[in-house]
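For reference, the structure is listed below as C-alpha cells.
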2 protein chains.
Amino acid sequence: MLCPVTFYKALADDTRLKSLLLITEQQELCVCELMTALELSQPKISRHLAQLRKANVLADRRSGQWVFYSLHPALPTWAQQVLKQTLLANELYLAPCRQQLSLISERAVTQSCC
Amino acid sequence: MLCPVTFYKALADDTRLKSLLLITEQQELCVCELMTALELSQPKISRHLAQLRKANVLADRRSGQWVFYSLHPALPTWAQQVLKQTLLANELYLAPCRQQLSLISERAVTQSCC
DNA sequence: TTCGCATATATGATTATCCGCATATTTAAA
DNA sequence: TTTAAATATGCGGATAATCATATATGCGAA
C-alpha cells in the first residue's frame, strides 16, 4: 500500500520526475538511456532510480549488462493516472529529454548501445 | 505557469498534503480549522500555508480576524485533477483529520469559533 | 487606546536531501 | 581468467527543509 505522501516525495525532484515521466511514456528504459536523455552522471541517475525502486514506484529487470526500469506493476491506479495526466499536460517539460533520446536511438541502429 | 516539479514539491510533506486535500474537499478552510484538524501548532500550519501561497497553489482571503485558504483560481486543471484523484483514492488518509474537523463544527454551533 | 484573539514571521538548532568522487558488483566478451 | 562496459553503492560535504520557541502584526471589541 503506497502512502500518498511517499509517492509525492518520489516526484518532488527534477531528476526523478523526468525519469518517471519518460518511463511512463516509453514503458521501459535502461540507466544509460536515462543518462543521455537527462544528460546527467551515472551515479546520480542510479541513485535516484534506487530511491524509486525502494519506494515501489519502479520495478527493475536485468537483461544482460543492462537494467531496465518500468513502472512497478503494483503501482496504484490513481498514481498511474497522476503520472499520465502530468505527462499529457506538460508536453514541453520533457522536450529536451526526448530530443536527446532520439539521438541515441538513431545511433543504436549502427552502433552497439548507449 | 506552474512547473510540475514545483507542484509536487508542494505535495511532498504530510502537513501540506493533508491541508491541501482537506481544502480540496471543503473548498475553504481557515488556519484554526486546519490546526485542530491536523492537531498541529499554529506556526507550523501557518508556515506551510505560506509556502503553498508563495507557490501559487493556494489563495488566501482575509475575513475579519480569520484568514481562509482555498485552491488558487489559477491552479492548472491537471493539478486540480491530481488533487481530486488523490483525495478519492485515499479516503482513509484524511479520516482522523475529518474526525477532528467534525468536532469543531459541532462546537461552533454553540461557541464562537475554533 | 488598550486588550485579546487569529495569524504571520524571525531565529537558531536539528535533520533530511542531494551531490561528486571513488570504488564495488555484475555481466559479456576476449 | 583477464578486461571492459553497465550499474550500484559507500562516504563525506554542502545545501535545503523542517521544527520549536519567541515575537510581531492585524483586527475587533471594550
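A, B, ... follow the sequence lines: proteins, then strands. Residue 1 opens every chain.
Dashed line: the shortest gap from a side-chain N or O of Y69(B) to OP1 or OP2 of dA6(C) is not under 4.0 Å. Note on H48(A): every side-chain N or O is 4.0 Å or more away from OP1 and OP2 of dT17(C). Distances shown here put every side-chain N or O of Q65(B) at or beyond 4.0 Å from the OP1 or OP2 atom of dT25(D).
Using modelled atom types, no side-chain atom of Q51(B) and backbone atom of A10(B) make a donor-acceptor pair closer than 3.5 Å. A donor-acceptor pair is defined here as one N or O able to donate and one able to accept, closer than 3.5 Å; such a pair exists between the side chain of T86(B) and the backbone of V82(B).
Along DNA chain D, the nucleotide nearest to T15(B) and the one nearest to M35(A) differ in position, and the one closer to the 5' end is contacted by M35(A). Ranked by how close their nearest DNA chain C nucleotide is to the 5' end, R16(A) and V31(B) are led by V31(B). The nearest heavy atom of DNA chain C to K54(B) and to D13(A) marks one nucleotide each, and the one closer to the 5' end goes with K54(B).
Between E91(B) and R98(B) a salt bridge is recorded (basic side-chain N to carboxylate O distance below 4.0 Å).
R47(A) comes within 4.0 angstrom of a nucleotide base, judged by non-hydrogen atoms across all strands.
The nucleotide whose nearest atom lies closest to any side-chain atom of S46(A) is, among dA8(D), dC19(C), dA6(C), dA8(D). Ranking dC19(C), dC27(D), dT7(D) by closeness to the W66(A) side chain, first place goes to dT7(D). Counting only heavy atoms from C-beta on, P43(A) has its side chain closest to dT9(D) among dC19(C), dT9(D), dT7(C).
One atom, CG of L58(B), and another, C1' of dT7(C), lie 15 Å apart when rounded to the nearest Å. The separation between D14(B) atom CG and dA16(C) atom C1' is 15 Å, rounded to whole Å. Protein atom CG of L49(A) is 13 Å distant from nucleotide atom C1' of dA6(D), rounded to whole Å. Between the CG atom of L34(A) and the C1' atom of dA8(D) there is a distance of 15 Å, given to the nearest Å. Atom CD in Q51(A) sits about 14 Å away from atom C1' in dA8(D), given to the nearest Å. dA8(D) atom P lies 6 Å from atom CZ of R53(A), rounded to whole Å. When rounded to the nearest whole Å, the span between CZ of R61(B) and P of dT7(C) equals 12 Å. Going from atom CD1 of I104(B) over to atom P of dC5(C) covers 18 Å, rounded to whole Å.
Around the CG atom of L92(A), the shell of radius 6.0 Å holds no more than 12 heavy atoms that belong to other residues, nucleotides or ligands.
Taking all atoms of both residues into account, the shortest heavy-atom contact from W78(A) to P4(A) is CH2-CA, 3.8 Å.
Contact of Q42(B) with dA8(C) (side chain to base): a donor-acceptor pair of N or O atoms is detected under 3.5 Å.
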